[in-house]
**Student:** 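One structure coming up, written as C-alpha cells, with questions to follow.
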Amino acid sequence: MNDDDHRQIRESLGAYALEQLGDAERTTVQAHIDGCIVCQAELALIAPLAAPLRLIDPDHLGTDLQPPAGLDEAIVARMRAERAEPRRRLRRWVPVAAAAAVVALAVGVVVGRALAPDAPKRPLEAVGIDELASEIDASAEVINHTWGMEIVLTGSGFRDGEAYQVNVVDDGGEQVSAGQFLGTGDAPIVCNLNSSVRRVDAARFEVIGTDGDVVLATSV
Ligand SMILES: [Zn+2]
C-alpha cells in the first residue's frame, strides 16, 4: 500500500460517504478501500453519519434559521467559516461535504446522536487485556447484542498483511469464530468483530496469528 495514496484517499472518505465524488474519483477511492482495511474501518465509522449529514445544507444555515437541535453553535460557526474561506490547498470537496466532514471529525458520534435522537444506544463495555504480544498495542470493548457479542478491537502493531483470527471462547470452553482481520503494521486499526456467542455465555476472546500463537487474550 502506497502511503501517499492512502493519505490522499483517506481525506476523500468523507466526500465518498456523502456521494460527492465524480465517477473517476469514486472508482479510485473504491479500488483503494477494497484493499485497505484502515480505510474500510474509517469508512465504517463515517458511513452511519453520512445520511443525517447529507441533510445539512450550509446555504440554509443563515442567521434567520436555526441549526438542527443539539448541533453546537461553535460547530455551525466553523461550518460558516469553512464556507467563507477562500479555496484551500487541494480542497476538492464541495462546501457541504467539507462542512459535513468538519462536523463529522469534530464531534462524530455526538452529532449522529443529536440528529438521530431515537437511534438505539449500544453501550460499550471496556474489557481488560490479559495477554498481549510485545509488538502490539491494543484495547478492546464488547457490545452486548440480542444476537451475540460484538467486539470492537482498536490497536496497532499487528503484522502488516498477516491474517488474524478472532475467537470467542464460551463458558463451556468451545471456541467460536468472531471473524478475521488483516494486520496493518504501525497503522492503527479499528475492527468490529461479531460472534454468535451471547455476552452472558462468553468467557474470553483471543486473537490468533497465522502461526497459531495467541497475540491477544482478554477475559470478558
Ligand atoms: Zn487506506
**Student:** Which pair of heavy atoms, one from Val190 and one from Ala41, lies closest together, and at what distance?
**Tutor:**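 Looks like O-CB, 3.0 Å.
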
**Student:** When you compare the side chain of Ile9 with that of Tyr16, does any pair of heavy atoms fall below 4.5 Å?
**Tutor:** no

**Student:** Within this structure, what is the CZ-NE2 distance for the pair Arg10 and His6, rounded to the nearest 0.5 Å?
**Tutor:** 4.5 Å

**Student:** Within the 4.5 Å heavy-atom criterion, are Glu42 and Gln40 side-chain neighbours or not?
**Tutor:** no

**Student:** To the nearest 0.5 Å, how far apart are CD1 in Ile151 and SG in Cys191?
**Tutor:** 9.5 Å

**Student:** Is any side-chain heavy atom of His32 closer than 4.5 Å to one of Asp34?
**Tutor:** no

**Student:** Check the hydrophobic clustering (I, L, V, M, F, W, Y; side-chain heavy atoms under 4.5 Å; chains of links allowed) and say if Phe181 and Ile129 are grouped together.
**Tutor:**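 Yes, Phe181 connects to Ile129 through the hydrophobic network.
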
**Student:** Minimum heavy-atom separation for Ala15 to Leu21, with atom names?
**Tutor:** CB-CD2, 3.7 Å

**Student:** Indicate the atoms forming the closest heavy-atom contact of Glu162 with Gly209, along with that distance.
**Tutor:** OE2-CA, 3.5 Å

**Student:** Can you tell if the side chain of Ile33 reaches within under 4.5 Å of the side chain of Leu13, non-hydrogen atoms only?
**Tutor:**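 Yes - at least one pair of side-chain heavy atoms lies under 4.5 Å apart.
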
**Student:** Can you confirm whether Thr154 sits close enough to Ile189 that some side-chain heavy atom of one is under 4.5 Å from a side-chain heavy atom of the other?
**Tutor:**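 Contact flag for Thr154/Ile189 side chains = no.
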
**Student:** Take Val142 and Phe205 through the test side chain to side chain contact (heavy atoms under 4.5 Å, CB included) and record every step on the way to the result.
**Tutor:** CA-CA 10 Å; Val142 297; Phe205 71 84; 4.1 Å; yes

**Student:** Using 0.5 Å steps for rounding, measure from the CG atom of Leu216 to the CG atom of Leu153.
**Tutor:** 6.0 Å

**Student:** To the nearest 0.5 Å, what is the distance between SG (Cys39) and CZ (Arg7)?
**Tutor:** 11.5 Å

**Student:** Within this structure, what is the CD-CD distance for the pair Glu206 and Gln165, rounded to the nearest 0.5 Å?
**Tutor:** 10.5 Å

**Student:** For side chain to side chain contact (heavy atoms under 4.5 Å, CB included), just list the numbers for Asp211 and Arg159, CA-CA rounded to whole Å, side-chain angles, deciding distance to a tenth of an Å, and then say yes or no.
**Tutor:** CA-CA 12 Å; Asp211 53 9; Arg159 286 186 287 271; 3.8 Å; yes

**Student:** For Gly157 versus Ile136, what's the shortest heavy-atom pair and its separation?
**Tutor:**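 Residues Gly157 and Ile136, closest heavy atoms: O-CG1, 3.6 Å.
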
**Student:** Indicate, with yes or no, if Val197 and Val127 share a hydrophobic cluster defined by side-chain heavy-atom contacts under 4.5 Å among Ile, Leu, Val, Met, Phe, Trp and Tyr.
**Tutor:**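 Cluster IDs for Val127 and Val197 match.
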
**Student:** Please assess Ile143 against Leu124 for the test side chain to side chain contact (heavy atoms under 4.5 Å, CB included), listing each intermediate value before the final yes or no.
**Tutor:** CA-CA 5 Å; Ile143 302 169; Leu124 280 167; 3.5 Å; yes

**Student:** Hey, any chance Val29 and Ile46 share a hydrophobic cluster, counting ILVMFWY side chains that come within less than 4.5 Å of each other, even indirectly?
**Tutor:** yes

**Student:** Identify the two heavy atoms, one from Val38 and one from Pro188, that lie closest to each other, and give their separation to 0.1 Å.
**Tutor:** CG2-O, 3.6 Å

**Student:** Group every Ile, Leu, Val, Met, Phe, Trp and Tyr by side-chain heavy-atom contacts under 4.5 Å, then state whether Val220 and Val214 land in the same group.
**Tutor:**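 Each belongs to a different hydrophobic cluster.
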
**Student:** Could you go through Ile208 and Asn167, starting from their C-alpha distance and side-chain angles, then the distance that decides it, and tell me whether this counts as side chain to side chain contact (heavy atoms under 4.5 Å, CB included)?
**Tutor:** CA-CA 8 Å; Ile208 302 161; Asn167 288 338; 3.5 Å; yes

**Student:** Can you hop from Leu182 to Leu45 via hydrophobic side chains spaced under 4.5 Å?
**Tutor:** no

**Student:** One pair to check against side chain to side chain donor-acceptor pair (under 3.5 Å): Asn144 and Glu125. What are the steps and the verdict?
**Tutor:** CA-CA 8 Å; Asn144 180 19; Glu125 179 191 343; over 6 Å; no

**Student:** Specify whether Tyr164 and Phe158 have parallel, tilted or perpendicular ring planes, treating 30° as the upper limit for parallel and 60° as the lower limit for perpendicular.
**Tutor:**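 Answer is perpendicular, since the angle exceeds 60°.
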
**Student:** Looking at Arg204, I want to see if its CZ is surrounded by more than 12 non-hydrogen atoms of other residues, nucleotides or ligands under 6.0 Å.
**Tutor:**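 Atom CZ in Arg204 is not packed in, count stays at 12 or less.
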
**Student:** Would you say that Val215 contacts Leu132 through its side chain, given a criterion of any heavy-atom pair below 4.5 Å between the two side chains?
**Tutor:** no

**Student:** Do Asp130 and Ser219 touch side chain to side chain, with heavy atoms closer than 4.5 Å?
**Tutor:** yes

**Student:** Should Arg26 and Glu19 count as an ion pair when the cut-off is N to O under 4.0 Å?
**Tutor:** no

**Student:** Taking the side chain as every heavy atom from C-beta outward, state whether Ser177 and Val166 have any pair of such atoms under 4.5 Å apart.
**Tutor:** no

**Student:** For Ser12 and Glu25, which heavy atoms make the closest approach, and how far apart are they?
**Tutor:**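 Looks like OG-OE2, 3.8 Å.
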
**Student:** Atom CE in Met149, atom CG in Asp201: separation rounded to 0.5 Å?
**Tutor:**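 Spacing of CE (Met149) from CG (Asp201) equals 10.0 Å.
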
